[in-house]
Amino acid sequence: MNFDDVLRQLGEFGSYQKWLYLLLCLPSIPMSVQIIQAVVFLFAVPEHRCAIPGFANDTYEIQNKVHEQLVNRSIPLVPGYYGDEKYSHCQLYRETNISNIWSSTRNITEPCSAWVYDQSQFISTISETMDFVCVKKSYVSHAKMLGMFGHLIGSLINGPLSDTFGRRPVIISNMFMLVLLSICLVWSNTAPIVLFLVFALNAFCIGQYLVCFVFGMEIVGRSKRMWAGVAMNLFWSAGNMVSALTAYLFRDWKTRQLIVSVPAIIFAYLYFIPESPRWLLKHGRREEAKRVVANIAKRNKVPIDTDDLNEVDIDKEEVKQEPFWKLLKSPVMIRRMIMICYNWFAVGMGFYGLSMNVTNLSGNIYLNFFLFLVAEVAAYISCFFLMDCVGRKKLLCISLSLTGAACILPLIPVLVADTPEKWAINILALIGNMCASASMCTVYTFTAELMPTTSRTFGMSLSSVCCRVGSLLSPYIADLTMYISGRFGQILPMLVFGGVTVLAALLALLLPETLNKKLAETIKEAEMLGT
C-alpha cells in the first residue's frame, strides 16, 4: 500500500485538507510582500540629477524660469534611452556656484557629491536615502544580489532541515523570524544592517514558501496535486498585489515597511498545525501518523482503519538506508537533476530579472508593475487548465520558449527604428513576465512530482538553489542599463534573459512526464518514472 492509497480513503482533497492547505498558503502573502519590496521598491532609484552647488532649495522639479536657467548652466545634458536628452546624473560643470552662474558656458565637468531626486513616484527609498547612485550605483545591484543570496541560503538550509526534523518545526521557526526581522528593518538606519536584514528576510521567506509548498503537496491526492501546486502561486500573486497597493499608497519606505510587517503576527496560528503524516511515516513515526490521519478522517467524516498505515510499503530500516543525500548517488536522478537545475536557473533568472527590469521600462512604475501582476495571475489561472491537458513537461517547454521569444523580440524595433516605440518594448516585457510566471508555477509542481518523498524537500531545495543562482545574476543583468547607454543598453538585459530561457526549454524535453503518476516514495520509484 502507498500513502496515496490512504489519501483515497480519506478523500484526496477533503474538507480538512482544504482547510490545512489554506493555512499553509496564507503565509505566502507576507513572504511575497517582503521579497517584492526588496526586488522592486526598496532599492528603486528614482530619476535624479546633480544638485546645484550653493543652492539650498534645489529640487528635481523645475520651480521657475530662473531655476531652469540655473539648472541648464550647472548640469550638462546627456543622451537618454530613446534619443532624448536629460540632465546628467553624475556630472556638473566645474566650479559652478550661485555667484558665477551667469558666466560663459563651461565645457569642463566634474563629479558631483550631492543629488536631488524626482519624488513624483517615491517620497523615499533606501537607494535615495543612502545615495546609491553614480560611484555607488553598484550598491543597488549588490543589495538585490544579497536578497537573492538569501534565497539561495534559505533554500539550501531549509530543505535538509525539513526532511530531517519535519515540516512543522521549520515552518514555525521561519515564520517567527520573518515577523521579527521585518519589523526590525523599519528602525535600521545604516547600510550594513539594512543589507543584512534584507538578506536574512529573503532567506526565511523563501525557506518558508518552499516547505509550505512541499507540505501542501503531500496532504492531497494524486488527482488534486496540480491544483495544490498552482493555487499557492495565486496566494503569492495576492501578496504581490498587496505590495503594489501599499507601495502606491505609502511612498515612504519606512512607513510602508511597518504597515506590511506588523499584520504578519496573525500567522502565529501555524504553531497549531499538525506534522505531515507522509513525512511521519517515512521516518518510522507510525503512531504519530495514525493520530494525524485519524484526525483528518474525523474532520472529513469518513471511516478509516488507522491500522492500514502499518501496511504502507516503507519501514524504518528502509528510511535509514535512504537519507536525502543518496539522491545524488543515483545516475538517473543525477542526470535529471542537472536538467531540472538548469531549468530552475533559467526560470529564476527570467522571473526575477523581468520583475527587476520593470523599473527600467518607460512609463509609470506602479502601472507597469500592476500590469505585470495581472499577467502573472493570468499565467497561474492558465496553468490550472493547461497543466492537466498539455502535461507538465510540454507546458514548461512552451512557457520557457515563449519567455525567450518575448525577451529577444525587442531587438527588432530597436534595429528597424531610430526611435523605437516604448509601448512595443513594454508589451513584450509584459508577455515575457506572463510566460516566466507560468514557467515558475509549472516547474514547482513538476519538480515536486519528480522527487521521492524521502528526499523531496532536499530535491526541491537543491533545485531552488539553482534558481537563486540565476536570480543572483539577474540584478547585475537588469542593471546593465546603468553601464551601457543608449537604446541597445535598454534591451540588453532582456536579450540575455531570452537566450538562457530558450536553452532551458530544449532541456525540458528530455525530462519524463509526471502527469497522472503517483508520487514516488523512494529513489527507486522515482527512477522508474518515464520507463
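The chain is numbered in sequence order, starting from 1. Quantities reported herein were computed from a predicted structural model and do not represent experimental measurements.
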Please determine whether the number of non-hydrogen atoms from other residues, nucleotides or ligands lying under 6.0 Å from atom [atom1] of [X] exceeds 12.
X	atom1	value
Lys254	NZ	yes
Tyr248	OH	no
Phe370	CZ	no
Tyr342	OH	yes
Phe149	CZ	no

Under the rule for ring pair (Phe, Tyr, Trp, His ring centres under 6.0 Å), what residues qualify as partners of Phe204, not counting sequence neighbours? none
List for me each residue that meets ring pair (Phe, Tyr, Trp, His ring centres under 6.0 Å) alongside Tyr380, sequence neighbours excluded, and say none if there are none. none
With side chains defined as the heavy atoms from C-beta onward, is the minimum distance between [X] and [Y] less than 4.5 Å?
X	Y	value
Leu180	Cys184	yes
Met130	Val194	yes
Ile431	Leu402	no
Leu23	Tyr269	yes

On the ring face of Tyr271, is Arg168 found with NZ or CZ under 6.0 Å from the centre and within 45° of the axis? yes
Ring-face cation of Arg167 near Phe165 (centre distance under 6.0 Å, axis angle within 45°): no
Would you please say whether a donor-acceptor pair under 3.5 Å links the side chains of Gln257 and Ser261? yes
Do you see a donor-acceptor pair shorter than 3.5 Å between the side chains of Asn174 and Tyr209? no
How far apart are the closest heavy atoms of [X] and [Y], and which atoms are they?
X	Y	value
Gly14	Asn300	C-OD1, 3.6 Å
Ser32	Gly239	OG-C, 3.5 Å
Val377	Ser237	CG2-CB, 3.7 Å
Phe369	Asn240	CE2-O, 3.8 Å
Thr501	Ala346	CG2-O, 3.8 Å
Thr514	Glu449	OG1-OE1, 2.6 Å

When you look at Leu473 and Phe345, which way does the side-chain contact (heavy atoms from CB on, under 4.5 Å) test go after all the steps? CA-CA 10 Å; Leu473 298 176; Phe345 171 82; 4.0 Å; yes
Distance in Å, Thr447 OG1 paired with Arg336 CZ, rounded so as to fall on 0.5 Å steps: 12.0 Å
Distance check, rounded to the nearest 0.5 Å: Ile296 atom CD1 versus Trp19 atom CH2? 15.0 Å
Listed pairs under 3.5 Å, donor-acceptor, residues 36-44 side chains, sequence neighbours left out:
unit_1	atom_1	unit_2	atom_2	d
Gln37	OE1	Arg256	NE	2.7
Gln37	NE2	Ser243	OG	3.0

Checking His48, Arg49, Glu47, Glu61 against Val116 for side-chain contact (heavy atoms from CB on, under 4.5 Å), the one that qualifies is Arg49
